[in-house]
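Read through the structure below, which is laid out as structure tokens, and then see the notes.
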Amino acid sequence: MTITDADFTRLVTFIKSNYGIDLTQKKQLITGRLSTTLKQKGYGSFSEFVSHLLQTKDDAEVTLLLDKLTTNYTFFMREKDHLDYFCNNIIPDIVRRHERDKTLAIWSAGCSTGEEPYNITMFLFDYLGSQAKQWDTRLLATDISTRAMTAAKRGVYELPDTIPPEWKRKYFVPAKDGAYAVSPDVRNNVIFQPFNLMDPIKFRRKFDVIFCRNVMIYFDQPTKDALVQRFYNATVPGGYLLISKSENLSQNTPYRRLATSTFQK
């Protein structure tokens, strides 16, 4: 099944204006990932699918589209030295600031299949130790992909060798076929919620730390700049934004750079 230039433009414009994802150079990816599925669902052409999508904004079809076109690739301990900075510098700072209320506000924006927010939880539990139960460390984890969120909530993984043996013992429970499930304490520390990063950010509290790693690679520069400004407005003074090593912020970013991929308000 092929897609005409006109239908490609219509589809790309719809995705970018509603979800920020820039697929202007991804015609082959779109046809490759959608053709078989559209045939199976009874569409006779891309034009028929695109027209239906734009006219109805059908939730099921939007979900199908986003799940097929976004790559939910992540893993535990991703960019380890980046996480070391978080552990050695950021956690001590935010814990010190919240010594009285013992409540942290952390957001994993674009959490994919859940490894990142669970990873953050394990670092927090390690740092707080026996004091952890006295703190509210629950963190928000959002993604646009329904498929990724379902896997994240399930919390069952094949663990890489990078997971410390002590963590495997403390924070995981053996599951079937050699896989491991995150422990109930870790799972209950993460609040999963669908969220489109193009929407206004109106959560109840501002955040001490926002993780948004390997998400903005899908956005063009104006979209990135607008999102970073929304992140900035949703960050407490002195709070942090962590992005991935493959990304960077504009020179006119309101945040100040602290270290590789690490910024502070």
Side-chain angles (χ1 to χ4, degrees), residues 60 63-64 66-88 90-91 94-95 102-197 203 205 207-215 242-244:
T63 296
L64 167 75
L66 295 173
D67 283 350
K68 286 289 183 182
L69 297 181
T70 53
T71 303
N72 301 115
Y73 174 69
T74 186
F75 49 90
F76 285 106
M77 309 300 270
R78 190 175 194 177
E79 298 186 349
K80 175 68 166 52
D81 52 345
H82 196 207
L83 292 172
D84 286 343
Y85 188 93
F86 170 68
C87 294
N88 297 330
I90 295 176
I91 293 180
I94 61 176
V95 166
K102 290 183 164 46
T103 301
L104 303 179
I106 299 175
W107 179 15
S108 172
C111 67
S112 187
T113 47
E115 286 93 332
E116 179 177 88
Y118 290 138
N119 225 163
I120 296 167
T121 293
M122 294 168 200
F123 282 123
L124 289 171
F125 284 2
D126 265 14
Y127 183 84
L128 292 169
S130 61
Q131 302 291 312
K133 292 190 182 301
Q134 299 175 23
W135 285 72
D136 182 354
T137 57
R138 288 174 300 170
L139 60 98
L140 175 67
T142 66
D143 204 276
I144 200 171
S145 168
T146 305
R147 174 172 50 88
M149 294 284 282
T150 299
K153 289 176 183 177
R154 184 166 171 258
V156 177
Y157 306 96
E158 292 183 8
L159 298 184
D161 294 337
T162 51
I163 289 287
E166 186 183 359
W167 273 21
K168 192 181 288 190
R169 179 180 56 80
K170 284 168 49 179
Y171 300 133
F172 293 92
V173 179
K176 293 180 180 178
D177 303 322
Y180 285 81
V182 292
S183 67
D185 282 353
V186 172
R187 186 196 308 275
N188 293 336
N189 195 64
V190 182
I191 301 166
F192 289 105
Q193 186 174 320
F195 185 73
N196 181 353
L197 287 173
F203 296 113
R205 296 187 59 193
F207 295 97
D208 298 300
V209 187
I210 297 175
F211 282 81
C212 187
R213 303 194 300 166
N214 298 288
V215 175
L242 285 78
I243 63 175
S244 78

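For reference, positions follow the sequence shown, starting with 1.
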**Message:** Rounded at 0.5 Å granularity, tell me how far SG in Cys212 sits from CD in Glu116.
**Reply:** 8.5 Å
**Asked** Would you say Thr103 and Arg205 make side-chain contact, with heavy atoms under 4.5 Å?
**Response** yes
**Asked** If you take all heavy atoms of Trp135 and Val95, which pair is closest and at what distance?
**Response** CH2-O, 3.3 Å
**Message:** Rounded at 0.5 Å granularity, tell me how far CD1 in Ile91 sits from CZ in Phe86.
**Reply:** 4.0 Å
**Complete:** Residue pairs passing the ring-ring contact (aromatic ring centres under 6.0 Å, His included) test with at least one member in residues 177-197, sequence neighbours excluded, are Trp107-Phe195, Tyr118-Phe192, Phe195-Phe203
**Under 3.5 Å donor-acceptor, Arg138 side chain and Asn188 backbone** = no
**Prompt:** Distance from Leu124 atom CG to Cys87 atom SG, nearest 0.5 Å?
**Reply:** 8.0 Å
**Complete:** Sequence neighbours excluded, the answer for salt bridge (Lys or Arg N to Asp or Glu O under 4.0 Å) partners of Lys176 is none
**Prompt:** Which atom pair, heavy atoms only, marks the closest approach of Pro117 to Val190?
**Reply:** CB-CG1, 3.8 Å
**Item:** Separation of Trp167 CH2 from Phe123 CZ (nearest 0.5 Å)
**Value:** 3.5 Å
**Complete:** Smallest heavy-atom separation, Cys111 atom then Met149 atom, equals SG-SD, 3.9 Å
**Asked** Pick one: which of Ile163, Val182, Asp185, Val186 meets side chain to side chain contact (heavy atoms under 4.5 Å, CB included) with Tyr171?
**Response** Val186
**Request:** Output the distance between atom CG (Asn189) and atom CZ (Phe125), rounded to the nearest 0.5 Å.
**Result:** 4.0 Å
**Message:** For Arg154, is the CZ atom crowded, meaning more than 12 foreign heavy atoms sit under 6.0 Å from it?
**Reply:** no
**Complete:** When every non-hydrogen atom of Val156 is compared with those of Ala181, the smallest separation belongs to CG2-CB, 3.9 Å
**Message:** Between Phe207 and Leu140, is the side chain to side chain contact (heavy atoms under 4.5 Å, CB included) condition met? List the steps.
**Reply:** CA-CA 10 Å; Phe207 295 97; Leu140 175 67; 3.9 Å; yes
**Request:** Measure the CG-OG distance between Asp143 and Ser112 for me, rounded to the nearest 0.5 Å.
**Result:** 6.0 Å
**Prompt:** Do you know the tightest heavy-atom contact between Ala151 and Thr113?
**Reply:** CB-CG2, 3.9 Å
**Asked** Is the closest side-chain heavy-atom distance between Leu242 and Tyr85 below 4.5 Å?
**Response** no
**Request:** Would you confirm whether Asp208, through its side chain, and Ile106, through its main-chain N or O, come within 3.5 Å as a donor-acceptor pair?
**Result:** no
